[in-house]
Visitor: 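Provided herewith is a single structure, encoded as structure tokens, for subsequent inquiry.
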Amino acid sequence: MASTTKVSPVIVITGTPGTGKSTHAELLVQESPVRLRHINVSEFVKERGLYENFDAEWDSYIVDEDKLIDELEPSATAGGIILDWHACEPWPERWVDLVVVLRCDHTKLWERLEERKYPNKKIVENNEAEIMEVIAQEARDSYAPEIVVELKSECTEDLESNVARIVEWIRAWKKDHPEGERP
Ligand SMILES: Nc1ncnc2c1ncn2[C@@H]1O[C@H](COP(=O)(O)OP(=O)(O)O)[C@@H](O)[C@H]1O
């Protein structure tokens, strides 16, 4: 069987909605020393119909995770992607090189979600999830501790320093994988 060589890493950016995943991913695409494709998983699911149904009460799609994994497998195996989603547990461990969990003070998060015109119960649900560290715990439970990093995303300085830190991590990954990595 032909095996491909992964020349760029797979970076997961996760966190409660509103913590800054897409903002980080967009800046990282611009700053990265290697070509990265930003996959906003919620949009990807909608565009490709990778859901079982739509939950009108919570205004969200029930994702068909098997279909999602199948659809992403070629890109994840080839490398060079950022997976931006509010969950990280579905990704097979073999795909993932780095997991960035963004964290935000809950009052700030509340304001961001209000600005986004989320219904009140969705703001409450997400706020509680951030306080209870739901996504951070999911990342700790799903991946080796050395590939998981929690970063604060409360102001522009945080955004810039986080992206600079990930860029440094990518440079180190490239150094460690000069010929690429066989998945
Ligand atoms: N580190 C940050 N500093 C200031 N504003 C931020 C930061 N991260 C995100 N934001 C703002 O918060 C809002 C939500 O960010 P977004 O990237 O869409 O979050 P997510 O993708 O996690 O849902 C946006 O208005 C964005 O500009």
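Read the numbers this way: they start at 1 and go in the same order the structure lists the ligands and their atoms.
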Visitor: Below the 3.5 angstrom mark, is there an N/O of Lys21, backbone or side chain, next to an N/O of ligand 1?
Guide: yes

Visitor: Please confirm whether Thr23 comes within less than 3.5 Å of ligand 1 when only nitrogen or oxygen atoms on both sides are compared.
Guide: yes

Visitor: Name the closest protein heavy atom to atom 3 (N) of ligand 1, giving the residue it belongs to and the distance to 0.1 Å.
Guide: Cys155 C, 3.0 Å

Visitor: Do the side-chain N and O atoms of Arg103 and Ser153 include a donor-acceptor pair separated by under 3.5 angstrom?
Guide: no

Visitor: Which protein non-hydrogen atom lies closest to atom 19 (O) of ligand 1, naming both residue and atom, and how far is it?
Guide: Gly20 N, 3.1 Å

Visitor: Using the six-membered ring wherever Trp is involved, compare the ring planes of Trp169 and Trp173 and label them parallel, tilted or perpendicular (cut-offs 30° and 60°).
Guide: tilted

Visitor: Hey, which atoms in ligand 1 end up nearer than 4.0 Å to a heavy atom of Thr156?
Guide: 3 (N)

Visitor: Can you tell whether the side chains of Glu73 and Arg94 come within less than 4.0 Å, N to carboxylate O?
Guide: yes

Visitor: Within this structure, what is the CZ-OG1 distance for the pair Arg112 and Thr16, rounded to the nearest 0.5 Å?
Guide: 11.0 Å

Visitor: Among all protein heavy atoms, pick the one closest to atom 5 (N) of ligand 1 and tell me residue, atom and distance.
Guide: Arg112 NH2, 3.6 Å

Visitor: Please list the nearest protein heavy atom to atom 25 (O) of ligand 1 with its residue and the distance rounded to 0.1 Å.
Guide: Glu115 OE1, 5.0 Å

Visitor: So is Gly15 in contact with ligand 1, going by heavy-atom distances below 4.0 Å?
Guide: no

Visitor: Is it the case that Lys121 places NZ or CZ above or below the six-membered ring of Trp58, under 6.0 angstrom from the centre and within 45 degrees of the axis?
Guide: yes

Visitor: So does Lys122 pair up with Glu57, basic N to acidic O under 4.0 Å?
Guide: no

Visitor: Considering only non-hydrogen protein atoms, determine which one is nearest to atom 8 (N) of ligand 1 and report residue, atom name and distance to 0.1 Å.
Guide: Ser153 OG, 3.3 Å

Visitor: For ligand 1, find out whether one of its N or O atoms is nearer than 3.5 Å to an N or O atom of Pro17.
Guide: no

Visitor: Whether Lys152 and Asp105 form a salt bridge (side-chain N of Lys/Arg under 4.0 Å from carboxylate O of Asp/Glu) is what I want to check.
Guide: no

Visitor: Nearest 0.5 Å please: distance from the CG atom of Asp97 over to the CD1 atom of Ile170.
Guide: 10.5 Å

Visitor: So that I can tick it off, tell me whether Lys46 and Glu43 are bridged by a salt bridge, with the cut-off set at under 4.0 angstrom between side-chain N and carboxylate O.
Guide: no

Visitor: To which protein heavy atom is atom 21 (O) of ligand 1 closest, and what is the distance rounded to 0.1 Å?
Guide: Ser22 N, 2.9 Å

Visitor: Please report whether atom 10 (N) of ligand 1 has a protein non-hydrogen atom at a separation of less than 4.0 Å.
Guide: yes

Visitor: Provide the number and element of each atom of ligand 1 under 4.0 Å from a heavy atom of Glu154.
Guide: 1 (N), 3 (N)

Visitor: Non-hydrogen atoms of Arg116 versus ligand 1: any pair closer than 4.0 Å?
Guide: yes

